[in-house]
Number of protein chains: 2
Amino acid sequence: MSMYSYILPMTKLDSCDVPLVNEEAVSEVLGAQADDVDVARLAETFQMLASPSRLRIVEALAGRELCVCDLAAVVGISASAVSHHLRQLRQMRIVQFRRSGRMAYYRLDDEHIAALFRTGLDHVRE
Amino acid sequence: MSMYSYILPMTKLDSCDVPLVNEEAVSEVLGAQADDVDVARLAETFQMLASPSRLRIVEALAGRELCVCDLAAVVGISASAVSHHLRQLRQMRIVQFRRSGRMAYYRLDDEHIAALFRTGLDHVRE
DNA sequence: AGAATATATGAATACATGCTCATACATCAA
DNA sequence: TTGATGTATGAGCATGTATTCATATATTCT
């Protein structure tokens with residue numbers, strides 16, 4: 001037992017056997033944490049953006065809609081691979097699509113997505 | 001050598017054997033694409049945010065600095081695991097740190113990071 | 001109806017990632 | 001100096017991911 005083991009309520013605070021240095025700040029953080037489910041979904045959302053191919057798709061769909069074969073031409077991978085990516089992007093509500101005959105036209109779900117792309121690009125370019 | 005190796009000018013337009021539907025839009029997209037290196041770094045940056053543990057770290061560091069052991073308490077994983085995450089976050093300039101004795105105090109690199117977290121959370125919550 | 005086309009998806013393979021454990025390093029305390 | 005402490009890191013295992021290939025589904029054309 002560490003000499004730094006304070007007597008504290010049973011919270012996540014006890015899951016670490018290393019002494020807390022800034023106990024007040026840690027409590028404040030734990031009290032303001034987002035919901036576990038939201039954070040899990042957020043991680044999945046960023047995972048969707050963690051692929052050059054999918055980022056090219058998002059970049060291409062910023063401001064216009066495109067069909068699967070056009071996206072394949074833009075990204076430089078097969079239409080099959082694009083379709084797999086699009087399914088994931090749909091599941092995380094990164095993109096929406098509409099059908100027209102045998103074509104499927106994809107677009108970004110909302111302005112958050114383009115904002116994430118731009119902010120991220122600003123960060124890596126700075 | 002693939003049977004699909006046509007002799008054509010070397011542009012991405014030819015990398016797809018499916019007909020282009022909106023050739024003009026595709027050309028416009030290809031002309032405005034971000035640099036490959038930037039997109040690769042952007043994907044790595046989002047990869048850093050594609051983990052609940054690392055998101056908890058980012059959330060905790062929004063507006064304050066914390067040491068490794070405090071972060072371990074916040075995230076609920078070992079200090080070792082946190083340290084591995086922090087190294088990756090440092091490499092992608094998501095966090096900075098300062099040393100003080102044997103302590104290391106981490107903080108977010110810049111405002112882009114907190115903005116990505118907030119925008120992403122707004123998206124998953126909508 | 002039958003052929004061609006645009007997209008979707010399951011399986012398989014190759015590669016990447018997150019955690020733990022063991023251990024190293026650097027600093028502080030006695 | 002010796003031992004304790006905070007952080008860092010390499011190896012290894014279990015799990016996850018991206019792509020390709022084969023095939024399915026649905027729509028259009030003849």
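Just so it is clear: chains get the letters A, B, ... in the order the sequence lines come, proteins before strands, and each one is counted from 1. Atom set for the values below is all heavy atoms of this structure, side chains included, hydrogens, waters and symmetry mates excluded. This one's a predicted model, so the numbers in the text were calculated from it and none came from an experiment.
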In whole angstrom, what separates [X]'s [atom1] from [N]'s [atom2]?
X       : N      : atom1 : atom2 : result
B/His85 : C/dA16 : NE2   : P     : 19 Å
B/Met92 : C/dT17 : CE    : P     : 11 Å
A/Leu86 : C/dA6  : CG    : P     : 16 Å
A/Leu20 : D/dT5  : CG    : P     : 15 Å
B/Leu89 : D/dT9  : CG    : P     : 13 Å
A/Leu66 : C/dT7  : CG    : P     : 11 Å
B/Gln47 : C/dA16 : CD    : P     : 12 Å
A/Leu71 : C/dA8  : CG    : C1'   : 15 Å

Take atom CD of B/Glu24 as the centre, draw a 6.0 Å sphere, and report whether it contains more than 12 heavy atoms from other residues, nucleotides or ligands.
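No, CD of B/Glu24 has 12 or fewer neighbouring heavy atoms, counting only those of other groups under 6.0 Å.
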
Flag, side chain of B/Thr45 to backbone of B/Arg41, donor-acceptor distance under 3.5 Å
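Yes, B/Thr45 side chain to B/Arg41 backbone: donor-acceptor pair under 3.5 Å.
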
For A/Ser27 and A/Glu23, indicate whether the former's side chain and the latter's backbone hold a donor-acceptor pair under 3.5 Å.
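Indeed, once roles are kept as given, a pair shorter than 3.5 Å links the two residues.
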
Any B/Arg87 side-chain N or O less than 4.0 Å from OP1/OP2 of C/dT17
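For B/Arg87, the contact criterion (side-chain N or O under 4.0 Å from OP1 or OP2 of C/dT17) is not met.
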
Could you tell me whether the phosphate oxygens of C/dC19, OP1 or OP2, come under 4.0 Å of any side-chain nitrogen or oxygen in B/Ser53?
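Answer is yes, contact under 4.0 Å.
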
Distances under 3.5 Å between nitrogen or oxygen atoms of protein and nucleotides 11-14 of chain C:
none

Tell me the closest heavy-atom pair linking B/Tyr106 and B/Leu86, and the distance in Å.
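Looking at all heavy atoms of both residues, the shortest contact is CE1-CD1, 3.6 Å.
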
Under 4.0 Å between a side-chain nitrogen and a carboxylate oxygen: does that hold for B/Glu59 and B/Arg56?
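Looking at B/Arg56 together with B/Glu59, the answer is yes, because their closest N to O distance falls below 4.0 Å.
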
So A/Asp35 and B/Arg125, do their side chains get closer than 4.5 Å, heavy atoms only?
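Not touching, per the 4.5 Å side-chain cut-off.
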
Would you mind telling me which residue lines up with the more 5' stretch of DNA chain D, B/Cys67 or A/Gln88, judged by nearest nucleotide?
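Checking each residue's closest nucleotide, the 5'-ward one belongs to B/Cys67.
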
Apply side-chain hydrogen bond (donor to acceptor under 3.5 Å, both in side chains) to A/Asn22 and list each qualifying residue two or more places apart in sequence or on a separate chain.
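Once residues adjacent in sequence are excluded, A/Asn22 has no partner under the side-chain hydrogen bond (donor to acceptor under 3.5 Å, both in side chains) criterion.
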
Taking the side chain of B/Ser83 as heavy atoms from C-beta outward, which of C/dG18, D/dA8, C/dC19 is closest to it?
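That would be D/dA8.
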
By a strict heavy-atom criterion of less than 4.0 Å, which residues belonging to residues 98-107 of chain B are in contact with DNA chain D?
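When residues 98-107 of chain B is checked for heavy atoms under 4.0 Å from DNA chain D, the hits, listed by number, are B/Arg99, B/Arg102, B/Met103, B/Ala104, B/Tyr106.
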
To the nearest 0.5 Å, what is the distance between NE2 on A/His85 and CD1 on A/Ile94?
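If we round to the nearest 0.5 Å, A/His85:NE2 and A/Ile94:CD1 are 13.5 Å apart.
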
Counting the atoms with a prime plus P, OP1 and OP2 as sugar-phosphate, which does B/Glu44 contact under 4.0 Å by heavy atoms, base, sugar-phosphate, or nothing?
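It contacts nothing in the nucleic acid.
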
Does one side chain, of B/His123 or A/Asp110, offer a donor that lies under 3.5 Å from an acceptor on the other?
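A pair is found: one side chain offers a donor N or O, the other an acceptor, under 3.5 Å apart.
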
Can you find a donor-acceptor pair, distance only, under 3.5 Å between B/Ser80 side chain and C/dC21 base?
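Under the 3.5 Å cut-off, the side chain and the base do form a donor-acceptor pair.
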
